[in-house]
Amino acid sequence: MGSFLTLSTSAAVILLVIRGGLCVDIVGGNEVAPHSRPFMALIKGANGKSICGGALIKENWVLTAAHCNVEGGKVILGAHSQEATEKEKQFFQIGKQIRYPCYCSNCKENDIMLLQLQRRARLTKAVQLIALPTSDHDPKPGTTCTVAGWGQTGSRLRKLPDTLREVNITVISRQICNDKNHYRNNPVITDNMICAGATNGGKDSCNGDSGGPLRCNNVMRGITAFGKQNRCGAVDSPGVYTRLTKQYLQWIRKTIGGA
């Protein structure tokens with residue numbers, strides 16, 4: 001899965017450089033029932049050349065990854081298909097993009113960003129808020145979590161799926177994720193991150209899934225962040241997610257305030 005970079009919608013071009021990024025679509029998952037994940041945001045960069053995911057946390061605020069290239073882009077809520085005309089879709093211009101102040105593109109630390117929409121979303125059956133967690137619980141290794149997105153379904157499959165897909169993955173200990181058979185401490189998987197995949201590989205997020213929510217026991221616990229370039233779903237390269245720690249949650253609530 002690589003740096004859950006934003007991904008080109010052209011079958012021939014994949015943008016694997018997003019402020020120094022690595023490889024994120026859903027590998028080993030399935031298409032979800034249309035509009036059954038109403039908190040999901042589809043973020044398209046300028047001219048529709050790149051995509052990321054996000055989560056609607058307030059009528060005019062979307063939470064995503066800091067490495068996503070959203071300049072001149074738009075946010076689509078209520079989408080199931082990327083391209084089809086759907087009456088449920090709502091389109092928004094981005095008013096502000098606010099990266100976490102200490103975002104480090106090289107070390108992958110603090111990969112979290114808020115997007116303020118230029119107007120408020122109309123909440124419907126297909127467009128709903130996702131609740132922020134009330135605690136910064138750190139999911140234990142072995143915990144089953146889910147991640148969704150419109151990204152690649154494999155490192156060599158350059159064509160993006162049209163519809164939203166989701167996969168179940170399992171939390172892996174940071175010790176294992178940092179060892180010589182995985183990330184080798186490059187970058188270091190810190191307490192601000194969650195490592196998750198499958199024991200035998202084959203289940204992962206991938207290019208284009210960046211910014212989407214990681215949910216564990218139906219609670220949002222993280223944001224799709226990065227993986228090894230061109231290694232989506234490989235045993236030695238589980239996906240890495242920004243964990244919603246106490247400091248991040250405080251920053252989010254302070255930033256969105258009553259706006």
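This chain uses plain numbering: 1 for the first residue, then up along the sequence. Values reported hereafter were calculated over all heavy atoms of this structure, with side chains retained and with hydrogens, waters and symmetry mates removed.
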Do other residues, nucleotides or ligands put more than 12 heavy atoms under 6.0 Å from K89 NZ? yes

Does F91 belong to the same Ile/Leu/Val/Met/Phe/Trp/Tyr cluster as M40, with side-chain heavy atoms less than 4.5 Å apart forming each link? yes

I'd like to know whether CD of Q118 has more than 12 heavy-atom contacts from other residues, nucleotides or ligands below 6.0 angstrom. yes

So which atom in T163 and which in S81 form the shortest heavy-atom distance, rounded to 0.1 Å? CG2-CA, 4.2 Å

Counting N and O atoms only, with roles assigned by atom type, does the side chain of Q90 sit under 3.5 Å from a partner on the main chain of G78, one being a donor and the other an acceptor? no

Would you say that L56 contacts V75 through its side chain, given a criterion of any heavy-atom pair below 4.5 Å between the two side chains? no

Any residue meeting salt bridge (charged side-chain N to carboxylate O under 4.0 Å, His left out) with K203, in chain and number order, not counting sequence neighbours: none

Between V219 and I194, is there a shared hydrophobic cluster once you connect ILVMFWY residues whose side-chain heavy atoms come closer than 4.5 Å? no

Any E88 side-chain heavy atom under 4.5 Å of H80 side chain: no

How many angstroms lie between atom CG of N30 and atom OG1 of T153, to the nearest 0.5 angstrom? 11.5 Å

Hey, could you give me the CG/CD distance between N207 and Q229, rounded to the nearest 0.5 Å? 8.0 Å

Atom pair CD1/OG1 of I169 and T146 - distance to nearest 0.5 Å: 8.0 Å

Quick one: ring pair (Phe, Tyr, Trp, His ring centres under 6.0 Å) partners of Y248, sequence neighbours excluded? Y100

Any side-chain to backbone donor/acceptor pair from T224 onto G212? Under 3.5 Å, distance only. yes

Flag yes if more than 12 heavy atoms outside N181 fall under 6.0 Å of its CG atom; otherwise flag no. yes

One should read off an interatomic distance between Q82 CD and I51 CD1, to the nearest 0.5 angstrom, of 4.5 Å

Do I172 and L244 sit in the same hydrophobic cluster, where Ile, Leu, Val, Met, Phe, Trp and Tyr count as joined when their side-chain heavy atoms come under 4.5 Å apart? no

Qualifying salt bridge (charged side-chain N to carboxylate O under 4.0 Å, His left out) pairs, either residue in residues 128-149, two or more places apart: D138-R174, D138-R243

For residues Y241 and C145, determine if any side-chain heavy atom of one lies less than 4.5 Å from a side-chain heavy atom of the other. no

Would you mind reporting whether N192 and Q247 have side-chain heavy atoms less than 4.5 Å apart? yes

Working to the nearest 0.5 angstrom, can you tell me the gap between I256 CD1 and I57 CD1? 4.0 Å

V62 and L123: same hydrophobic cluster, using ILVMFWY side-chain contacts below 4.5 Å? yes

In Å and rounded to the nearest 0.5 Å, what is the CG to OG distance from D179 to S173? 8.0 Å

